[in-house]
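Small disclaimer: the values here were computed from a predicted structure and weren't measured.
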Amino acid sequence: MIFKNISFLFLFFTSFIFAQKIEYNSLNISDSLKENANAVVRLNQIDIVIASQRSMNIITKRVVTVLNEKGLSAIDAIESYDKRTNIRNIEAIVYDILGKEIKKIKRKDFKDQSAVDGGTLFSDNRYLYLDYTPVQYPFTIVFDSEIETSTTAFIPKWYPSSDYFVSVEKSILNVKYPDNLGFKKMEFNFSNSKIDKTIDTTTQLSYNATNILAQKQEDYSPSFSSIFPNVMMGLELFHLEGVDGNAKTWKEMGLWFSDKILSGTMDLTEETKVKTKQLVGDEKDPIKKARIIYKYVQEKVRYVSIQEGIGGWKPMLASDVDRLGYGDCKALTNYTRALLQSVDVPSYYTRLYGDRNKKDVIADFVSMQSNHVILAIPTGNNYIWLECTSQEDPFGYQGTFTDDRNVLIMKPEGGEIVRAKNYEDKGNTQISKGEYIISQTGELSGRISIVSEGTQYSQKAPIEKLQPTEKEKHYKEYWDNINNLKINKTSFNNDKKKISFTENVEISAGNYGKITGSNLIFTVNVYNQYTGIIKRIRNRKNPFEIQRGYADTDEIAIALPTGFTIDFLPSNFELKSKFGEYKTEIMKNDNSNMVYKRSIFIKKGLYSNQEYDEYRLFMEQISKNDNAKIILTKKQL
């Protein structure tokens, strides 16, 4: 009997062990990998097999232990497909903290969704994604997928580490390819990484990365791709949108793309061509004609979002956009180009990375790059850039989504890398002129006019379209230094020709000035206080970047209450550093009226991690001076 019990316990114990995946036991993760981590990638293996110019298979195995809710995005269980890309396999298995299987997720359990909302235009472009709601943390997901595609023009980048607050036990890349397709690679940010290149031959490439610790996201860091290790890959002989390609230079790439991808997409009906000619009338100036056409496009069509690379690279026919009234960035850009061509205005289809964080097309790596398309109109040695997806942007305004980065222009003579418009620091202005009155009991009432240009225009122009409650919320957040704030009146002037946005705002606030005994105390800078906090980061790892500089100037008339004398007035202040300049001054007109002037100029730039603390102290001094107070004393009768 005792022997039978022992046998039973042994069988139970061994069955329990075999029901578990020991390697997926979350308790086995080292403490160093859990530090600062919301998720731990136990294994991320990508096997890319390029069989020919028209055939590529990508097999992915991704094992991720999610430690908390913030780590869910690290699962990354998603694959896109279209008529040229087939998902051969996709599945996932969920394990608990001890490595015991708790759920198996088959293909039918993945969500299948169109890559674009609000229309059937791009119904061929879809993606499968895992939508899993965990019942406990930590848990581990094993995600397996295999896709086959005829598109070899775009080989996915390899990132050993995919995000902040994510650590990696092991990441593997294996690539196999014929020796006659011109395979190439470029490595970025490898100097301080734990990455071994295990194979590098004429037909095979392999990398192995182990024990990459999680990094905190540090404020003002440059873009992720410029900090974390990654590998870019491409072919000189490739296949895209059903067409073979061959390009060793950007010129060749542009010629091929124009001849094989863009060719035949600019058809317009005769009726549309007649209409565009009627719109421009007798106008001869190409830029003035372009303004008219751009306004027509903004009023006629709407933008639907579909990322380039997911939704294909070939724009839909211009005639279809004209008929349907909508399209993605490729479609609307190509449509605008076709309309301009019909009135004899040349323009160039331009590919780039659209993002508020600037990202360049890598000039010395000829390959299919970008996620967005805009239009370039030549004017002398420069270009006017059109964002064709926006129904609000002024003609020729880029804003912060496409400014100051390398882009690829498709000219008739071939492709060319050029720099998009750079908004100079001192051109990114906010000029404020206003006044305020402080009453004997500390109430504030005032009005101000704020004029924003350059990149500051793009931050302010959307305010005009906000609902009244949203406008009030915006100003209460903008002037969070004013307690009991009331927005009494607002009006706006959006000068799209000058690209200048003016806000006229009237405000009031009770108890802005604090009464202490016979004193009335208030902060002199009402309208443009710097209240931000630059976090102290000990042992900062990354350099820091100010991506865009700016210049603010303020001139505010202040009326003091009667019956008070000035007991304390802040001194004029001036501060200069490598990061910019700051200056304030107060000028008394008489005992009851004065003018407060303030200017701040911040320079864009890339700085070392050691300089971060210097910048923090610079901004702290500005914040402290912006909070300087006037003390008034009530006159004794």
Side-chain angles (χ1 to χ4, degrees), residues 26 29-42 64-74 137-138 159-171 188-195 209-230 355-359 425 477 480-481 529-550 573 575-582 600-628:
S26 301
I29 301 172
S30 68
D31 289 341
S32 62
L33 289 174
K34 287 188 282 190
E35 186 177 355
N36 300 323
N38 295 322
V40 180
V41 177
R42 317 294 295 277
V64 182
T65 296
V66 181
L67 302 178
N68 55 55
E69 186 178 2
K70 292 180 180 178
L72 288 172
S73 61
Y137 294 97
Y159 282 90
S161 181
S162 58
D163 205 352
Y164 294 104
F165 300 106
V166 176
S167 60
V168 179
E169 277 190 353
K170 182 177 284 190
S171 184
F188 300 88
N189 313 315
F190 266 43
S191 56
N192 297 317
S193 60
K194 301 177 181 177
I195 301 174
T210 56
N211 296 321
I212 301 175
L213 304 183
Q215 271 200 44
K216 291 181 179 180
Q217 188 165 8
E218 298 173 332
D219 290 351
Y220 293 90
S221 289
S223 65
F224 184 88
S225 61
S226 65
I227 297 174
F228 281 69
N230 61 90
D355 197 301
R356 195 181 188 287
N357 291 316
K358 300 173 187 175
K359 183 178 179 181
D425 296 343
E477 290 176 352
D480 61 0
N481 56 298
Q529 274 193 50
Y530 176 74
T531 58
I533 297 175
I534 307 294
K535 293 180 183 176
R536 184 190 296 270
I537 303 176
R538 290 184 170 84
N539 302 316
R540 183 182 176 98
K541 292 181 173 59
N542 297 326
F544 81 96
E545 184 175 21
I546 303 170
Q547 283 216 338
R548 295 172 183 88
Y550 62 90
F573 183 78
L575 183 64
K576 292 184 179 182
S577 85
K578 68 181 75 172
F579 309 111
E581 300 174 7
Y582 171 82
I600 181 172
F601 169 54
I602 300 296
K603 302 175 184 177
K604 75 174 180 181
L606 180 64
Y607 304 92
S608 70
N609 56 339
Q610 289 89 356
E611 293 172 292
Y612 176 80
D613 206 48
E614 187 180 345
Y615 175 68
R616 182 181 65 81
L617 294 173
F618 171 69
M619 295 306 295
E620 275 187 4
Q621 285 181 279
I622 291 173
S623 179
K624 182 179 179 180
N625 197 71
D626 271 357
N627 198 37

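Atom NZ of Lys603 has more than 12 heavy atoms from other residues, nucleotides or ligands within 6.0 Å. Around CG of Leu606, the count of heavy atoms belonging to other residues, nucleotides or ligands within 6.0 Å exceeds 12.
Note: Lys34 NZ to Ile29 CD1 = 6.5 Å, rounded to the nearest 0.5 Å. Put simply, CG on Asp626 and CD1 on Ile600 are 7.0 Å apart, with the number rounded to the nearest 0.5 Å. Annotation: the span from Tyr550 atom OH to Asp425 atom CG amounts to 10.5 Å, rounded to 0.5 Å. To the nearest 0.5 angstrom, Tyr582 atom OH is 10.5 Å from Ile602 atom CD1. To the nearest 0.5 Å, the span separating OG on Ser161 from NZ on Lys194 amounts to 12.0 Å. Remark: Ser30 OG to Asn211 CG distance equals 6.5 Å, nearest 0.5 Å.
Aromatic ring orientation, Tyr164 versus Phe228: perpendicular (interplanar angle above 60°, classes split at 30° and 60°).
The two residues Pro160 and Val168 have their closest heavy-atom pair at O-CG2, 3.5 Å. Across Glu218 and Asn542, no two heavy atoms sit closer than the pair OE1-N, 2.9 Å. The two residues Ser32 and Leu213 make their nearest non-hydrogen contact at O-CD2, 3.6 Å. For the pair Tyr137 and Leu67, the tightest heavy-atom approach, listed with the atom from each and the gap, is CB-O, 3.5 Å. Counting all heavy atoms, side chain and backbone alike, Asp219 lies closest to Ile537 at N-CD1, 4.0 Å. Across all their heavy atoms, Val64 and Ala39 have their closest contact at CG1-CB, 4.1 Å.
Side-chain atoms of Val40 and Glu169, non-hydrogen and from C-beta on, do get closer than 4.5 Å to each other. Residues Tyr612 and Lys535 are in side-chain contact: their nearest non-hydrogen atoms beyond the backbone lie under 4.5 Å apart. For the pair Gln217/Asp163, no side-chain contact is recorded, criterion being any heavy-atom separation below 4.5 Å from C-beta on. Side-chain contact between Arg548 and Lys358: present, with at least one pair of heavy atoms (C-beta onward) separated by less than 4.5 Å. A 4.5 Å side-chain heavy-atom check between Glu620 and Ile534 finds every atom pair outside the cut-off. No side-chain heavy atom of Phe579 sits under 4.5 Å from any side-chain heavy atom of Met619.
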Q.
Before you tell me yes or no, could you show the steps for Ile546 and Tyr607 under side chain to side chain contact (heavy atoms under 4.5 Å, CB included), namely the whole-Å CA-CA distance, both residues' side-chain angles and the distance that decides it to 0.1 Å?
A. CA-CA 8 Å; Ile546 303 170; Tyr607 304 92; 4.0 Å; yes

**Q.** side chain to side chain contact (heavy atoms under 4.5 Å, CB included) between Ile227 and Ser221, intermediate numbers included
**A.** CA-CA 8 Å; Ile227 297 174; Ser221 289; 3.9 Å; yes

Q: Begin with the C-alpha distance, continue with both residues' side-chain angles, and end with the deciding distance and a verdict on side chain to side chain donor-acceptor pair (under 3.5 Å) for Asn68 and Asn38.
A: CA-CA 6 Å; Asn68 55 55; Asn38 295 322; 3.2 Å; yes

Q: Show the numbers, then the answer: is there a side chain to side chain contact (heavy atoms under 4.5 Å, CB included) between Gln529 and Asn627?
A: CA-CA 7 Å; Gln529 274 193 50; Asn627 198 37; 3.8 Å; yes

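Judged by distance alone, with hydrogens and angles left aside, the side-chain atoms of Thr210 form no donor-acceptor pair with the main-chain N or O of Lys170 at under 3.5 Å. With Asn189 contributing its side chain and Ser225 its backbone, the two residues share a donor-acceptor pair below 3.5 Å. Panel note: side chain Ser193, backbone Phe190; a donor-acceptor pair is recorded below 3.5 Å.
Just one of Arg540, Lys578, Arg616 meets the salt bridge (charged side-chain N to carboxylate O under 4.0 Å, His left out) condition when paired with Glu611; it is Lys578.
Side chain to side chain, Ser608 and Gln610 meet the donor-acceptor criterion of an N or O pair below 3.5 Å.
Annotation: Tyr615 is in aromatic contact with Phe544 [ring centroid separation under 6.0 Å].
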